[in-house]
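Have a look at the structure below, then the notes.
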Amino acid sequence: MEKFNKTDKQEIILSAAEKLFALHGFDGTTTRMLASEANVNIAMLSYYYGSKEQLFKALLESRAANFYSKLQEAKGSSPILIDKVVALSGVYVDRIFENNLFHRIIQRELSIMKRSDFSDGIAKTLLQNAFLLKETIKMGVETGEFKSDLDIELTIISIVGTISQLTLSPYLCLLLLEGNPESETIFDEKNKKRIKKHLKNFLRTLLLKKD
């Protein structure tokens with residue numbers, strides 16, 4: 001019989017929750033469904049996470065912490081500010097291509113906006129991540145490397161919005177990219193490279209002063 005330690009079991013439960021919350025939403029996912037998907041009993045689910053609400057929060061914290069560390073790494077990847085911004089946007093792209101299920105959960109819960117504790121918690125986490133991008137762009141404006149009349153907040157929304165649309169409307173985005181929905185997925189290496197190149201060109205045009 002295969003044995004798992006505590007950390008393994010917790011990750012199995014988190015992965016099951018990620019899948020079910022993405023497919024059915026928080027309200028549409030029951031503890032019985034979670035236990036079945038993770039192949040554990042409800043008592044074990046309760047032992048590790050207490051409740052469905054606590055499991056959701058644990059999933060958010062787990063995935064967000066990993067994302068934040070990657071953003072910090074990207075921010076320190078170059079002394080040139082435009083390269084920092086491009087690297088940060090690349091982490092956002094990588095994240096959604098590697099784990100679009102989690103991004104789908106976030107977008108679904110934010111769109112409902114009826115559980116204030118959940119919505120506030122999600123928004124706080126997202127703003128913490130976006131702050132690294134914001135302070136880098138702000139530094140570029142203050143040092144004169146970037147345009148002085150730049151709308152920093154809308155720049156961030158433009159970056160995140162472009163990437164988020166891939167999860168919200170993958171079928172439509174694939175059609176717009178002239179892909180074949182019957183044999184392709186939006187989340188492949190070709191499209192990831194294309195989107196990264198587009199964001200790099202977009203950001204350089206938007207942020208940098210003309211010579």
Side-chain angles (χ1 to χ4, degrees), residues 1-75 88-133 159-161 163-170 185-189 191-192 195:
M1 182 176 180
E2 190 174 7
K3 294 182 178 180
F4 297 96
N5 60 37
K6 181 178 179 180
T7 303
D8 291 333
K9 289 178 180 177
Q10 288 176 300
E11 183 55 39
I12 288 171
I13 293 171
L14 287 176
S15 295
E18 189 170 47
K19 176 182 177 180
L20 293 179
F21 287 147
L23 290 173
H24 308 291
F26 179 86
D27 290 331
T29 301
T30 66
T31 53
R32 189 174 297 278
M33 291 165 63
L34 289 164
S36 176
E37 182 68 29
N39 196 27
V40 299
N41 57 49
I42 293 178
M44 183 176 291
L45 198 70
S46 178
Y47 172 77
Y48 285 126
Y49 295 104
S51 65
K52 187 173 72 168
E53 289 82 359
Q54 291 302 317
L55 173 56
F56 184 93
K57 291 177 181 179
L59 175 63
L60 174 63
E61 291 170 1
S62 172
R63 301 305 188 249
N66 178 262
F67 183 39
Y68 187 73
S69 66
K70 289 184 177 180
L71 286 171
Q72 288 182 309
E73 183 180 342
K75 186 181 177 184
L88 286 166
S89 70
V91 175
Y92 274 88
V93 176
D94 287 337
R95 180 65 171 180
I96 197 170
F97 272 74
E98 292 168 3
N99 197 348
N100 59 84
L101 281 181
F102 180 70
H103 195 78
R104 192 186 307 171
I105 294 169
I106 296 300
Q107 295 301 320
R108 182 197 290 268
E109 296 307 318
L110 283 177
S111 68
I112 296 174
M113 292 296 288
K114 68 178 182 180
R115 289 185 302 276
S116 61
D117 56 336
F118 279 10
S119 299
D120 290 347
I122 293 172
K124 183 179 179 180
T125 300
L126 296 181
L127 287 173
Q128 179 186 28
N129 292 336
F131 180 76
L132 293 176
L133 190 55
I159 296 169
V160 177
I163 299 166
S164 296
Q165 192 62 33
L166 300 172
T167 291
L168 294 173
S169 305
T185 172
I186 190 72
F187 301 107
D188 63 16
E189 192 64 26
N191 287 325
K192 182 167 75 170
I195 292 162

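Quantities reported herein were computed from a predicted structural model and do not represent experimental measurements. Note: hydrogens, waters and symmetry copies are ignored here, and every other heavy atom, side chains too, is used. Residue numbers count from 1 along this sequence.
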Item to check | Non-hydrogen side-chain atoms of L55 and L14 separated by less than 4.5 Å | outcome: yes
Item to check | Heavy-atom side-chain proximity of I195 to F97 below 4.5 angstrom | outcome: yes
Checklist outcome for this item: dist Q10:CD -> D8:CG (nearest 0.5 Å) comes out at 9.5 Å
Checklist entry - Does the T185 side chain pair with the main chain of D188, one donor and one acceptor, at a distance under 3.5 Å? => result no
Checklist entry - Does V160 offer a backbone N or O that forms a donor-acceptor pair with the side chain of S164 under 3.5 Å? => result yes
Item to check | Polar side-chain atom of S15 near backbone of I12 as donor-acceptor pair, under 3.5 Å | outcome: no
Item to check | Salt-bridge criterion met for E189 and K192 (N-O under 4.0 Å) | outcome: yes
Checklist entry - With the threshold set at 4.0 Å, does a side-chain nitrogen-carboxylate oxygen contact exist between E98 and R63? => result no
Checklist entry - Can you tell me if CD on E73 sees more than 12 non-hydrogen neighbours from other groups inside 6.0 Å? => result no
Item to check | side chain to side chain contact (heavy atoms under 4.5 Å, CB included) assessment of L60 paired with K57 | outcome: CA-CA 5 Å; L60 174 63; K57 291 177 181 179; 5.6 Å; no
Next on the checklist: Main chain of T167, side chain of N100: is a donor-acceptor contact present, judged purely on distance under 3.5 Å?
Outcome noted: no
Next on the checklist: So, taking the atom named CD in E18 and the one named CD in E37, what distance separates them when rounded to the nearest 0.5 Å?
Outcome noted: 11.5 Å
Checklist entry - Under 4.5 Å between any side-chain heavy atoms of N191 and F187, yes or no? => result no
Item to check | CD1-CD1 distance between I186 and I96, expressed to the nearest 0.5 angstrom | outcome: 10.0 Å
Checklist entry - Closest approach of I159 and S89, non-hydrogen atoms and distance? => result CG2-CB, 4.0 Å
Item to check | CD1 on I42 to OG on S36, rounded to 0.5 Å | outcome: 9.5 Å
Item to check | Contact check, side chains of F56 and Y49, non-hydrogen atoms, under 4.5 Å | outcome: no
Item to check | Minimum heavy-atom distance V91-A74, with the two atoms named | outcome: CG2-CB, 3.5 Å
Checklist entry - Are the side chain of K52 and the backbone of F26 linked by a donor-acceptor contact shorter than 3.5 Å? => result yes
Checklist entry - Do K70 and D94 come close enough that some side-chain heavy atom pair is under 4.5 Å? => result no
Checklist outcome for this item: When rounded to the nearest 0.5 Å, the distance separating CE of M33 from CG of L20 is 5.0 Å
Checklist entry - Got a donor-acceptor contact below 3.5 angstrom from the S62 side chain to the A58 backbone? => result no
Item to check | Any side-chain heavy-atom pair of N129 and Y92 under 4.5 Å | outcome: yes
Checklist entry - Would you call N66 and R95 a side-chain contact if the rule is heavy atoms closer than 4.5 Å? => result yes
Item to check | Verdict with supporting geometry, Y48 and V40, side chain to side chain contact (heavy atoms under 4.5 Å, CB included) | outcome: CA-CA 11 Å; Y48 285 126; V40 299; over 6 Å; no
Item to check | Residues, nucleotides or ligands: over 12 heavy atoms within 6.0 Å of K75 NZ | outcome: yes
Item to check | L127: side chain to side chain contact (heavy atoms under 4.5 Å, CB included) partners, not counting sequence neighbours | outcome: none
Checklist entry - Is there side-chain contact between L34 and I13, with heavy atoms separated by less than 4.5 Å? => result no
